[in-house]
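Step one of this worksheet: look at the structure below.
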Amino acid sequence: MALVLIDDVLLRTQWKCSAPSNLVLITNRCGSISTEGSAGDAPGSLVSRGLHPPRLLSGGWSRRSGPCPCRHPAIRFPGSGHRTEKPLCFDQINPIVSRDGDLLIGTFFSLFSVEVNTGAELFESPPNQACKPYQWLHKNYQQRLALVFAIEEINRNPSLLPNISLGFHLYNTYHSDERTLESSLQWLSGLGQFIPNYRCKEQDKAMAVIGGVTSALSVQMGTVLDLYKFPQVSYGPFDSVLSDKVQFPSLYQMAPKDSSLHQGVVRLLVYFKWNWIGLIASDDIRGEEFLWEIRGEMVKNGVCVSFTEKIPVSERRHMESHEMFMPRILISSAKVIVIHGDTDSLMILRYSQVPVLPTGKVWIGTSHWDITMRPYQYQGDQFHGALTFSYLTNEIPGFKSFLKTVTPSKYPDDILLRGFWLSAFLCPDQPENPEQEICLPNASLETLPLCSFDMTMSGFSYVIYNSIYAVAWALHEMFLRQRSMGDEEHAVPHSWQLHSFLKNTQFNNSAGDQVFVDENRRSEAQYAIMNYVIFPNWSDVLLKVGQFVPEAPVGQDFTVCEDAIVWSISESKVPSGVCSDSCTPGFRKTPLEGKAACCFDCSPCPEGEISSQMNAEQCMKCPEDEYPNKWRDGCIPKVVSFLTMKEPLGMTLVSVAVSFASLTALVLWVFVKFQDTPIVKANNRPLSYSLLISLTCCFLCSLLFMGHPTTVTCLLQQTVFAVVFTVAVSSILAKTIIVVLAFRVTRPGDRIWKLIYPRVSNYVVLICSGIQVMFCAIWLGTYPPFPEADTHSEFGHIVLRCNEGSVFAFYCVLGYMGFLALASFTVAFLARNLPDSFNEAKFITFSMLVFCSVWASFLPTYQSTKGKAMVVVEVFSILASSAGLLGCIFVPKCYVILLKPDRNTQEEIKNKWDSRGKMSSKAQPYTSRSGNSRSEE
């Protein structure tokens, strides 16, 4: 790299290891320049490499010894050790201030910044060619005092660098790449103006450089310093890019690692349930890394990004920010904004006042942005209630006491302190005479507001303090090595020799913290969560409300005292930082198309489902034994129910069943009592008894469907019902067949009649009932009925009932009974015209019509009902069909037997029959020799 100065403009051209012979340097400030190489030239310098210095067109080279030429006029103050000067503006000179010592350390701090003008103020004054407008960064002056404190403490320490004093040169960087590079060259050359490849003899005492408040400035410094293997200690935020020793072999970072900072910020967001966040970061490598890391962590924790703004790392003006990114911040719905960047780049936010910058926002700053720094005349109340992550460090003993003693009278020759004092305490313009008494000479820094000065050591000051000590300890070890090897005691070493000692340096500082220069051995940064509070009198303070210690055990790594936090003026409680209000229990989140996951609608849970948590993604079903409440936010145990005799419907069915069973038993008693009467004889007494007994069992078997279902009752319910009903229908079929045989097939005295009459009825009943018994046996042997808890039929109830097991077997049993009933109905219908005085074909026809109607309506009704209603339908069908058989077949006969006994005689029957006179010969009854009519017996 060739560096060429033409009228104070630094140009860069690429070159290889040897310099071109025609390299020309033109300057208009100095007419002669020394070409002597210093004894302390580093191996990486151009002279030590055998390169010829550039020639001067205005008269060639001149050799001169003694003090370095071309330096700004300087005044030495006896006893103070300071060398300073009084320029028109501070930005025209470098170094601003220095202190002599046996060994020198170059320091590059950002004490001034380019003034940020607003609106029409840009045109209120003509351009000042002699001096660029600048303004003090008062809070950064603590960094300079930390430097002085550390230097004085080391020089007083007899155990550290004995008989060797440290001095420093202080340069201002202006947060500008151009000025930083210019200052680096001035430091290397030791001249007021920078001359590439020239090094003043006085600079042989220079050992290291401490500087680089940002990664960009560290890179600019390192580009030049690394050419000479000059150690550079960066006190800016840790940057993994600068850890590449191939690119930056001479650079050492002293700041703790910030690789967990994004995790702490997201932990804070999750703690307060904020999920709609705006991100503001400086437009550099570190800003990009932070955005990448925090976005990934936010995705893991369900936090969404509302907007992202990148602030260029350059000199900013108010109108630019107002026109570019401020409107987007204003219109954003995000109330929580995370800011990451250095103080100078983000200073524009402090100049943006209400209504430009909205109130009611929650600002979360990181450790690199001093949220309290602002011009004194700006109120900055829009940041009231902000939270910021600051380095959690121990207090350096004596530092606060040192700050209390700092006054211009203590350092009367320090023009930099004088300028700071005039600006910080708002003194009126002072006369040109520097001996004039300064306003408020006995004031103290602790009386300044927080926006101007902080008595607590900042993170940057702490790192600067450790950096000075790291260089001192490395020098100490280097001198010990020289003495052990017999070298001259006071021989001044070369700066490049410091690397082997500096990279292995470790020590415990006065605060008790262990400090490592080797970044691989350094631990993660620890953070204090501070709350920025502005009081009604416009005084401000930072209050510690929590901390984040990444390497602490889980549960102890993150703590926040929520009650101690003071929120913004418009908020009395924790602000809501969400895109959509939370969905209450009973609702679920419905994503919005094209929107972030944090933006959603709330929809009620579907029927039968609940959500018991806030912001439920999906609703869920209740357990089988529970059901949703009316708000659908919880489950209620279902009521166990079954058809019991204690409920009104059950009592009614039981009463009906018992009543009909009693009535059937009464009819049976009547038939037994009047068994010798013609009507009883004519209706086949054995079959009538069998039918009455089976009907009684039919009425009583309905009671098996009542009460708590058990395995036994479930097995008996359908099988007993099927068998007794089959017996009843088989008896009716047998009665019908007997009537037909008696009046259509046989003749009186036929041998065949006497042979088959007593057996036909028994065969019909036994065969038909046996087939049904066989069906039931197969059913019970394959897939029998079993008790079941039905949780779906009735809402909010668990219905205990008997499951049929094999539905096919169940309908086969019913179908077989239906077949017998249909056969009985058909035969009875064909025999309906037989003499009704002697047969009951008409009554059987009506009874079978009722029976078939009941069970035909049973099937669709049974299929369409659920739960307890199924049992009720089946019981009702049993009772209705049984009552139909009882009423149609036996009630007319009982009426005649009990109420019309005069009609229950043989003579009355013959007279009634003779009076009709319409009976055919085939249909006439056969009489015995005694004259009685032929009965069915």
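Positions are given from 1, in the same order as the sequence printed here. The figures here come from the full heavy-atom set of this structure, side chains too, leaving out hydrogens, waters and symmetry mates. Just so it is clear, the structure is predicted and the values come from calculations on it, not from any experiment.
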So, does [X] use its side chain to make a donor-acceptor pair with the main chain of [Y] at under 3.5 Å?
{"X": "Asp239", "Y": "Ser215", "result": "no"}
{"X": "Lys139", "Y": "Leu450", "result": "yes"}
{"X": "Ser484", "Y": "Arg481", "result": "yes"}
{"X": "Arg522", "Y": "Ala255", "result": "yes"}
{"X": "Gln497", "Y": "His494", "result": "yes"}
{"X": "Asn172", "Y": "Leu111", "result": "yes"}
{"X": "Lys205", "Y": "Gly101", "result": "yes"}
{"X": "Arg418", "Y": "Tyr411", "result": "no"}
{"X": "Thr505", "Y": "Val517", "result": "no"}

Just how far is it from atom [atom1] of [X] to atom [atom2] of [Y], taken to the nearest 0.5 Å?
{"X": "Gln253", "Y": "Glu519", "atom1": "CD", "atom2": "CD", "result": "5.5 Å"}
{"X": "Glu477", "Y": "Leu498", "atom1": "CD", "atom2": "CG", "result": "11.0 Å"}
{"X": "Glu289", "Y": "Leu261", "atom1": "CD", "atom2": "CG", "result": "12.0 Å"}
{"X": "Asp518", "Y": "Leu502", "atom1": "CG", "atom2": "CG", "result": "10.5 Å"}
{"X": "Asp100", "Y": "Leu166", "atom1": "CG", "atom2": "CG", "result": "12.5 Å"}
{"X": "Asp258", "Y": "Gln263", "atom1": "CG", "atom2": "CD", "result": "12.0 Å"}

Heavy-atom pair with the smallest gap, counting every atom of [X] and [Y]:
{"X": "Asp226", "Y": "Ser250", "result": "OD1-OG, 2.7 Å"}
{"X": "Ser423", "Y": "His138", "result": "OG-NE2, 2.6 Å"}
{"X": "Arg144", "Y": "Leu416", "result": "NH1-CD2, 4.2 Å"}
{"X": "His169", "Y": "Leu104", "result": "NE2-CD1, 3.8 Å"}
{"X": "Pro550", "Y": "Gln526", "result": "CD-CA, 4.4 Å"}
{"X": "Gly341", "Y": "Thr366", "result": "N-OG1, 4.0 Å"}

Using the rule given for side-chain hydrogen bond (donor to acceptor under 3.5 Å, both in side chains), can you reason through Ser165 versus Asn155, listing the C-alpha separation, both sets of side-chain angles and the distance that settles it, and then say yes or no?
CA-CA 6 Å; Ser165 63; Asn155 290 338; 5.3 Å; no

So [Y] and [X], do their side chains get closer than 4.5 Å, heavy atoms only?
{"X": "Leu403", "Y": "Phe453", "result": "yes"}
{"X": "Phe108", "Y": "Val209", "result": "yes"}
{"X": "His340", "Y": "Arg286", "result": "yes"}
{"X": "Leu268", "Y": "Phe558", "result": "yes"}
{"X": "Phe389", "Y": "Ile529", "result": "yes"}
{"X": "Gln514", "Y": "Asn508", "result": "yes"}
{"X": "Ile415", "Y": "Val97", "result": "no"}
{"X": "Val471", "Y": "Leu103", "result": "no"}

From the options Gln232, Lys245, His499, select the one residue that forms a side chain to side chain donor-acceptor pair (under 3.5 Å) with Tyr252.
His499

Measuring centre to centre across the rings, with the benzene-like ring taken for any Trp, is Trp496 within less than 6.0 Å of Tyr228?
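Distance test on ring centres: not under 6.0 Å, no.
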
Would you say the rings of His476 and Phe501 are close, in the sense that their centroids are separated by under 6.0 Å?
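Ring centres of His476 and Phe501 not closer than 6.0 Å.
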
Derivation of the side chain to side chain contact (heavy atoms under 4.5 Å, CB included) call for Val541 and Ser539:
CA-CA 7 Å; Val541 68; Ser539 61; over 6 Å; no

Parallel under 30°, tilted from 30 to 60°, perpendicular over 60°: which one fits the rings of Tyr391 and Tyr527?
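Geometry flag for Tyr527 against Tyr391: parallel rings.
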
For the residue pair Tyr141 and Phe420, categorise the inter-ring angle as parallel (less than 30°), tilted (30 to 60°) or perpendicular (more than 60°).
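It falls in the parallel class, under 30°.
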
Listed by chain and number, what are the side chain to side chain contact (heavy atoms under 4.5 Å, CB included) partners of Thr447, not counting sequence neighbours?
Phe425, Ser444

With sequence neighbours excluded, residues passing side chain to side chain contact (heavy atoms under 4.5 Å, CB included) with Ser523
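Glu551.
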
Applying side chain to side chain contact (heavy atoms under 4.5 Å, CB included), run through Leu160 and Phe507 and close with a yes or a no.
CA-CA 12 Å; Leu160 182 60; Phe507 61 94; over 6 Å; no

So Tyr235 and Asn466, side chain to side chain contact (heavy atoms under 4.5 Å, CB included) or not? Walk me through it.
CA-CA 9 Å; Tyr235 67 90; Asn466 289 335; over 6 Å; no

For Ile164 and Leu475, run side chain to side chain contact (heavy atoms under 4.5 Å, CB included): C-alpha distance rounded to whole Å, both residues' side-chain angles, the deciding distance at 0.1 Å, then the answer.
CA-CA 10 Å; Ile164 298 176; Leu475 290 171; over 6 Å; no

Show the atom names and distances, to 0.1 Å, of all donor-acceptor pairs under 3.5 Å that link a side chain in residues 454-465 to residues at least two apart or in another chain.
residue, atom, partner, partner atom, Å
Asp454, OD1, Thr456, N, 3.1
Ser458, OG, Gln142, OE1, 3.1
Ser458, OG, Ser461, N, 3.2
Ser458, OG, Ser461, OG, 3.0
Ser461, OG, Gln142, OE1, 2.7
Tyr462, OH, Asn509, ND2, 3.0
Tyr462, OH, Asp513, OD2, 2.4
Tyr465, OH, Glu153, OE1, 2.5
Tyr465, OH, Ser510, OG, 3.0

